[in-house]
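To start, the structure itself, in structure tokens.
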Number of protein chains: 2
Amino acid sequence: MNSSLDTQLDHIFSALSDHTRRRLVHALAEGEKSIGQLAEPFEISLVAVSKHLRVLERAGIISRRIDGRTHFCRLHPESLTQALDWIAIYRSFWDQRLSKMKHLMEKETEPDA
Amino acid sequence: MNSSLDTQLDHIFSALSDHTRRRLVHALAEGEKSIGQLAEPFEISLVAVSKHLRVLERAGIISRRIDGRTHFCRLHPESLTQALDWIAIYRSFWDQRLSKMKHLMEKETEPDA
DNA sequence: AATTTATTTAACCAAATGGTTGACAATTCG
DNA sequence: CGAATTGTCAACCATTTGGTTAAATAAATT
């Protein structure tokens, strides 16, 4: 059925579930960067950062361009659309509740006819 | 620092990274349900479903009300706001790219002055 | 040709995850 | 009371995850 969408959502959400990887996404929002550049601000080893980047790559959130000996990573924001849409569906239930509450409160404060 | 927001995002994204748990959220969008009701459509054991529900609970995505021997779960869509907002920031880079592209294409098809 | 730079691969480790079964607790029903 | 229902807890297992270090590969520099 929807299993390819499902595994894509699995990958995207699980990629975003790690603080380090979210920081990497944040860094890449400034533009293309090499793995060394990306790893520099972190206290963990470059190998660990490299692994995190592969996770983001598998999720389609970033891609890699190899130029000589350096690998450049680039953000693919459109990959987040599915995750955004999925969440938005259920978050919308909250907006509905809010507007219902608002409606009720307005009715309550109405002068009785 | 931001660590409480960060660990909350950790919990929310990791909770959503599992297909079974996303199905549970979907089921709860219809309204409050008991754990037995929730577990029924799944092939895994009730214990496994119960564990998934605890993960969703830890993330603040659902809450539990105990009535007699049955535990009722309820969706808290507002908990998804943070995750939605986080994604929206980076997804917006895509919209920016799109509008830039659109702008360029319009310029290209313009009759030269 | 030898060295340095940029990164991956391989092997390993501890902790977390997603599943199981069996036993226990609490509530309801006959 | 005794039995059935609803769910948790505890122990266990295999796999995944996030980290490490050491060695390998590949390209640039000297």
Side-chain angles (χ1 to χ4, degrees), chain A residues 3 6-28 31-75 83, chain B residues 3 6-28 31-75 83:
Chain A
S3 77
D6 282 329
T7 52
Q8 254 187 295
L9 283 177
D10 284 357
H11 288 156
I12 293 176
F13 281 130
S14 110
L16 298 182
S17 75
D18 184 274
H19 180 36
T20 302
R21 285 191 294 263
R22 288 197 304 276
R23 277 178 66 192
L24 287 168
V25 168
H26 186 77
L28 285 171
E32 211 179 46
K33 284 186 183 172
S34 79
I35 296 192
Q37 279 180 296
L38 285 167
E40 196 272 328
F42 291 92
E43 286 170 349
I44 59 179
S45 70
L46 186 141
V47 179
V49 172
S50 168
K51 280 185 177 186
H52 281 301
L53 290 168
R54 264 194 283 123
V55 173
L56 290 168
E57 219 177 346
R58 187 188 58 167
I61 298 175
I62 69 170
S63 71
R64 177 186 308 235
R65 173 179 68 85
I66 302 177
D67 180 24
R69 65 189 166 186
T70 70
H71 297 213
F72 289 97
C73 293
R74 191 174 122 223
L75 189 59
Chain B
S3 76
D6 283 330
T7 53
Q8 256 187 294
L9 283 176
D10 285 356
H11 288 156
I12 293 176
F13 282 131
S14 109
L16 297 182
S17 74
D18 185 273
H19 180 37
T20 302
R21 285 192 293 263
R22 288 197 304 277
R23 279 178 65 191
L24 288 168
V25 168
H26 186 77
L28 284 171
E32 210 178 48
K33 285 186 182 173
S34 79
I35 296 192
Q37 279 179 295
L38 285 167
E40 196 271 329
F42 291 91
E43 285 170 350
I44 58 179
S45 70
L46 186 141
V47 180
V49 172
S50 169
K51 281 186 177 183
H52 281 302
L53 290 168
R54 263 194 284 124
V55 172
L56 289 168
E57 220 178 344
R58 186 189 58 166
I61 298 175
I62 68 170
S63 71
R64 177 187 308 237
R65 173 178 68 86
I66 302 177
D67 181 24
R69 65 189 164 186
T70 72
H71 297 213
F72 289 97
C73 294
R74 191 174 122 224
L75 189 60

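When reading the values below, keep in mind they use all heavy atoms of this one structure, side chains included, and skip hydrogens, waters and symmetry mates. Just so it is clear: chains get the letters A, B, ... in the order the sequence lines come, proteins before strands, and each one is counted from 1.
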Query raised in the report: B:T7 side chain to B:D10 main-chain N or O, any donor-acceptor pair under 3.5 Å?
Result: no
Report task. Kindly state which residues belonging to residues 38-47 of chain B come within less than 4.0 angstrom of DNA chain D, counting heavy atoms of the residue only, listed by number. Result -> B:L46, B:V47
Report task. List the atom of A:F72, the atom of A:S34, and the distance in Å for their closest heavy-atom pair. Result -> CD2-N, 3.7 Å
Report summary line: So salt bridge (charged side-chain N to carboxylate O under 4.0 Å, His left out) across residues 57-66 of chain A, not counting sequence neighbours, yields A:E32-A:R65, A:E57-A:R64
Report task. Mind checking the NE2-CG spacing from A:H26 to A:L75? Nearest 0.5 Å is all I need. Result -> 11.5 Å
Query raised in the report: A:L9 versus B:R22: any side-chain heavy-atom pair under 4.5 Å?
Result: yes
Query - Least distance between heavy atoms, B:A59 atom then B:I12 atom - result: O-CG1, 3.7 Å
Report task. Calculate, to the nearest 0.5 Å, the distance between atoms CG and CG belonging to A:L56 and A:L16 respectively. Result -> 7.5 Å
Query - A:F13 side, atom CZ; B:D18 side, atom CG - distance, nearest 0.5 Å - result: 12.0 Å
Query raised in the report: Among residues 60-73 of chain A, which residues get a heavy atom nearer than 4.0 Å to DNA chain C?
Result: A:R64, A:R69, A:T70, A:H71
Pick out the pairs of N or O atoms, protein on one side and nucleotides 16-18 of chain D on the other, that lie under 3.5 Å.
| from | atom 1 | to | atom 2 | distance (Å) |
| --- | --- | --- | --- | --- |
| D:dG18 | OP1 | A:R21 | NH2 | 3.3 |
| D:dG18 | OP2 | A:R21 | NH1 | 3.0 |

Requested in this report: Hey, could you give me each pair passing side-chain hydrogen bond (donor to acceptor under 3.5 Å, both in side chains) that has a residue in residues 40-56 of chain B? Not counting sequence neighbours.
Outcome: B:R21-B:H52
Query - Shortest non-hydrogen contact from A:L46 toward A:G36 - result: CD1-CA, 4.1 Å
Query raised in the report: Are A:L53 and A:H71 close enough that some pair of their side-chain heavy atoms sits under 4.5 Å apart?
Result: no
Requested in this report: On DNA chain C, reading 5' to 3', which nucleotide is the first and which the last to sit with an atom under 4.0 Å from a heavy atom of chain B, could you check?
Outcome: C:dG18 to C:dT28
Requested in this report: Any chance you could measure B:L38, atom CG, to B:R23, atom CZ, to the nearest 0.5 Å?
Outcome: 11.0 Å
